[in-house]
Visitor: 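Before we start, here is the structure in question, set down as structure tokens.
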Amino acid sequence: MQIVRKWTLLCAVVAVLSISSQAAITWFPKDFTCPIDGEKNTFLVVGSYGSYIYSYPSRFQFLFFPRTDSPTFHTCKKCSLSTFMWDFDKLPKDKLPAIKEAIKDVRVSKAFKEYTELPVVERLEIMQKVYAVMEKDDTFWEDFYRIKGYHYGKAGDNERAAEARRKSLELLQTKIKADRAEDSRKLLYYVSGAMRHFLNDDEGAVADFEKARATKYAAKDADAEELKNAEAGLNSRIDEYIELMKSDDKKPRFTDKDGGHGH
């Protein structure tokens with residue numbers, strides 16, 4: 001349902017672009033207590049945002065705010081516990097001893113007053129240790145590796161960006177083969193095509209996009225109107241992607257500099 005609603009919003013992006021340039025994402029500070037060591041931390045949490053986030057270049061990696069923004073990844077200034085902002089104070093109590101063990105040898109690259117001073121990719125590496133303890137499923141890990149690929153690419157580390165994207169692609173292919181009812185094959189093909197493109201396999205990317213376009217959108221518990229809007233929105237995005245790839249023939253490829261292509 002969440003993905004369906006995202007694509008419903010995507011369909012409306014064109015209508016709001018003319019007014020979205022004046023809109024802004026806002027954050028505000030909030031105090032948190034680390035569940036590992038009791039340290040008091042002040043992190044940023046989301047104040048406001050609008051549907052304009054779905055027009056940002058990161059859409060070409062099927063990544064959207066807040067996963068694309070540094071404040072999203074919280075790190076304790078004492079023990080270095082790192083999580084997504086929505087998990088920091090909600091970690092399962094029975095997992096805390098194992099998490100503490102998993103991060104006991106973590107040493108951050110520099111001392112910091114504000115957690116956002118620490119590179120996002122460094123926080124993500126710590127997060128990987130934390131979430132490995134929590135036995136997350138392949139849907140979580142595909143998303144996580146895609147996020148890692150995005151942020152390593154943004155940091156200019158092409159090798160590690162490619163490594164993360166290959167892991168994302170492997171999980172996507174596993175999900176496509178499994179053909180589970182809870183997964184939308186159309187969306188899986190689309191994201192797979194995006195990862196192939198960023199791995200410099202445009203032939204494979206186009207093949208996946210064509211499969212996506214030929215596959216009907218499906219989502220558990222979605223009503224007919226939601227499915228219709230999601231289908232139209234995703235097909236429009238597929239057409240846009242392919243056209244931009246063609247126009248890029250003798251120009252720089254989609255780049256990681258701004259998370260995708262175009263503004």
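Just so it is clear, the structure is predicted and the values come from calculations on it, not from any experiment.
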Visitor: When you measure from the side chain of Ser58 to the backbone N and O of Leu63, does any donor-acceptor pair fall under 3.5 Å?
Guide: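 Indeed, once roles are kept as given, a pair shorter than 3.5 Å links the two residues.
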Visitor: Over 60° means perpendicular and under 30° means parallel, so classify the ring planes of Phe144 and Tyr131, tilted if in between.
Guide: tilted
Visitor: Report yes or no: do Asn235 and Lys186 form a side-chain donor-acceptor pair below 3.5 Å?
Guide: yes
Visitor: Kindly check if the number of other-residue, nucleotide or ligand heavy atoms within 6.0 Å of CD (Glu125) is above 12?
Guide: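 Enclosed.
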Visitor: Heavy atoms only: give me the nearest Thr75-Ser82 pair and the separation to one decimal.
Guide: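 The answer is OG1-OG, 2.8 Å.
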Visitor: Regarding Ser70 and Arg123, is there a side-chain donor-to-acceptor distance under 3.5 Å anywhere?
Guide: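 Yes - a donor-acceptor pair under 3.5 Å links their side chains.
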Visitor: Is the Tyr189 to Phe209 ring centre distance short of 6.0 Å?
Guide: no
Visitor: Checking Lys40 against Thr33: is there a side-chain donor and acceptor pair closer than 3.5 Å?
Guide: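 There is such a pair (donor and acceptor under 3.5 Å, judged by atom type) between the side chains of Thr33 and Lys40.
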Visitor: Can you tell me how far the CZ atom of Phe112 sits from the CD atom of Glu117, to the nearest 0.5 Å?
Guide: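 So the CZ of Phe112 and the CD of Glu117 are separated by 8.0 Å.
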Visitor: Charged N to carboxylate O under 4.0 angstrom, Lys77 versus Glu39?
Guide: yes
Visitor: Closest heavy-atom contact between Ile36 and Ile99?
Guide: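 Between these two residues, the closest heavy atoms are CD1-CG2, 4.2 Å.
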Visitor: Does a side-chain N-to-carboxylate-O contact under 4.0 Å join Lys148 and Glu163?
Guide: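 Looking at Lys148 and Glu163, the cut-off is not met.
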Visitor: Between Pro66 and Met85, is there a side-chain heavy-atom distance shorter than 4.5 Å?
Guide: yes
Visitor: Rounded to the nearest 0.5 Å, what's the gap from OH on Tyr190 to OG on Ser184? Could you check?
Guide: 13.0 Å
Visitor: Are any non-hydrogen side-chain atoms of Gln61 and Arg165 less than 4.5 angstrom apart?
Guide: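 Yes, their side chains come closer than 4.5 Å.
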Visitor: Decide yes or no on salt bridge (Lys or Arg N to Asp or Glu O under 4.0 Å) for Asp138 and Arg180, but give the supporting numbers first.
Guide: CA-CA 12 Å; Asp138 56 1; Arg180 298 180 301 205; 3.3 Å; yes
Visitor: Verify side-chain contact (heavy atoms from CB on, under 4.5 Å) between Tyr115 and Cys76, making sure each step is shown before the conclusion.
Guide: CA-CA 7 Å; Tyr115 73 104; Cys76 175; over 6 Å; no
Visitor: Would you check if Val121 and Asp157 make a side-chain contact, meaning some heavy-atom pair closer than 4.5 Å?
Guide: no
Visitor: Would you call Phe84 and Ile147 a side-chain contact if the rule is heavy atoms closer than 4.5 Å?
Guide: yes
Visitor: Relative to the ring of Phe32, is the ring of Phe43 parallel (under 30°), tilted (30 to 60°) or perpendicular (over 60°)?
Guide: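 Aromatic pair Phe43/Phe32 classed tilted.
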Visitor: Please confirm whether the backbone N or O of Gly233 pairs with a side-chain atom of Arg237, one donor and one acceptor, at under 3.5 Å?
Guide: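 No.
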Visitor: In Å and rounded to the nearest 0.5 Å, what is the CZ to OG1 distance from Arg213 to Thr215?
Guide: 11.5 Å
Visitor: Kindly say whether the aromatic ring centers of His151 and Phe73 come within a distance under 6.0 Å.
Guide: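 Yes; Phe73 has its ring centre under 6.0 Å from that of His151.
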Visitor: Taking the six-membered ring for Trp and the full ring for Phe, Tyr or His, determine whether the centres of Tyr56 and Phe64 are under 6.0 Å apart.
Guide: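 Judged by ring-centre distance (under 6.0 Å), Tyr56 and Phe64 do not meet the cut-off.
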Visitor: Is it the case that atom CZ in Arg160 sees more than 12 heavy atoms from other parts of the structure closer than 6.0 Å?
Guide: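 No.
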Visitor: Is a side-chain donor or acceptor of Asp223 paired with a backbone partner of Glu226 at a separation under 3.5 angstrom?
Guide: yes
Visitor: Between Lys136 and Asp143, is there a salt bridge with N-O shorter than 4.0 Å?
Guide: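 Answer for the salt bridge query: no.
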Visitor: Using a strict 4.0 Å threshold on nitrogen-to-oxygen distance, state whether Lys246 and Glu243 make a salt bridge.
Guide: yes
Visitor: Are Arg67 and Arg146 side-chain neighbours, meaning at least one heavy-atom pair lies under 4.5 Å?
Guide: no
Visitor: Taking everything shown except Lys100 itself, do over 12 heavy atoms lie less than 6.0 Å from its NZ?
Guide: no
Visitor: Out of curiosity, Phe88 CZ to His74 NE2, how far, rounded to the nearest 0.5 Å?
Guide: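 So the CZ of Phe88 and the NE2 of His74 are separated by 8.5 Å.
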Visitor: Assess the side chains of Lys90 and Thr83: does a donor N or O sit below 3.5 Å from an acceptor N or O?
Guide: no
Visitor: What closest approach, in Å, do Glu240 and Arg59 show between heavy atoms, and which atom pair accounts for it?
Guide: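 Reported closest heavy-atom pair: OE2-NH2, 2.9 Å.
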Visitor: Below 4.5 Å, heavy atoms only, C-beta onward: do Asp87 and Val130 meet side chain to side chain?
Guide: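 When only atoms from C-beta onward are counted, Val130 and Asp87 do not touch, as no gap falls below 4.5 Å.
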Visitor: In plain terms, say whether Lys78 and Asp37 are close enough for a salt bridge, that is, a side-chain N and a carboxylate O under 4.0 Å apart.
Guide: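 A salt bridge is absent here (no side-chain N lies under 4.0 Å from a carboxylate O).
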Visitor: Decide salt bridge (Lys or Arg N to Asp or Glu O under 4.0 Å) for Glu170 and Lys167; before the verdict, give the C-alpha distance in whole Å, the side-chain angles of both, and the deciding distance to 0.1 Å.
Guide: CA-CA 5 Å; Glu170 289 172 5; Lys167 290 179 179 178; over 6 Å; no
Visitor: Might you point out which heavy atoms bring Met245 and Ala205 nearest each other, and give the distance in Å?
Guide: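 Closest approach of Met245 to Ala205, heavy atoms only: CE-CB, 4.0 Å.
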Visitor: May I ask you to say whether Glu101 pairs ionically with Lys104, meaning some side-chain N is under 4.0 Å from a carboxylate O?
Guide: yes
Visitor: Ignoring hydrogens, what is the shortest heavy-atom contact between Gly149 and Ala164? Give both atom names and the distance.
Guide: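 Closest heavy-atom pair between Gly149 and Ala164: N-CB, 3.5 Å.
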Visitor: For the CG atom of Leu169 and the CG atom of Asp208, what is their distance to the nearest 0.5 Å?
Guide: 7.5 Å
Visitor: Apply the test side-chain contact (heavy atoms from CB on, under 4.5 Å) to residues Tyr241 and His197: give CA-CA distance (whole Å), side-chain angles for both, the deciding distance (0.1 Å), then the verdict.
Guide: CA-CA 10 Å; Tyr241 215 134; His197 171 73; 3.9 Å; yes
Visitor: Is Lys129 atom NZ crowded by more than 12 heavy atoms from other residues, nucleotides or ligands, each under 6.0 Å away?
Guide: no
Visitor: Hey, mind stepping through Thr68 and Lys154 against side chain to side chain donor-acceptor pair (under 3.5 Å) and telling me if it holds?
Guide: CA-CA 10 Å; Thr68 53; Lys154 196 172 180 181; over 6 Å; no
Visitor: Look up atom CG in Leu172 and atom CD1 in Ile176, then write down how far apart they are to the nearest 0.5 Å.
Guide: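 Between Leu172 CG and Ile176 CD1, I get 6.0 Å after rounding to 0.5 Å.
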Visitor: Tell me, with the steps shown, if Phe140 and Asp137 meet side-chain contact (heavy atoms from CB on, under 4.5 Å).
Guide: CA-CA 6 Å; Phe140 172 90; Asp137 62 16; 3.7 Å; yes
Visitor: Return the minimal non-hydrogen interatomic distance between Leu118 and Ser109, and the atom names on each side.
Guide: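 The answer is CD1-OG, 3.9 Å.
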Visitor: Taking the side chain as everything from C-beta on, heavy atoms only, tell me whether Glu142 gets closer than 4.5 Å to Val191.
Guide: yes
Visitor: Does any non-hydrogen side-chain atom of Glu210 lie less than 4.5 Å from one of Ile242?
Guide: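 The answer is yes; the side chains approach within 4.5 Å.
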Visitor: In sequence, state the C-alpha distance, the side-chain angles, and the governing distance for Thr72 and Trp27, and then conclude on side-chain contact (heavy atoms from CB on, under 4.5 Å).
Guide: CA-CA 10 Å; Thr72 301; Trp27 298 83; 3.6 Å; yes
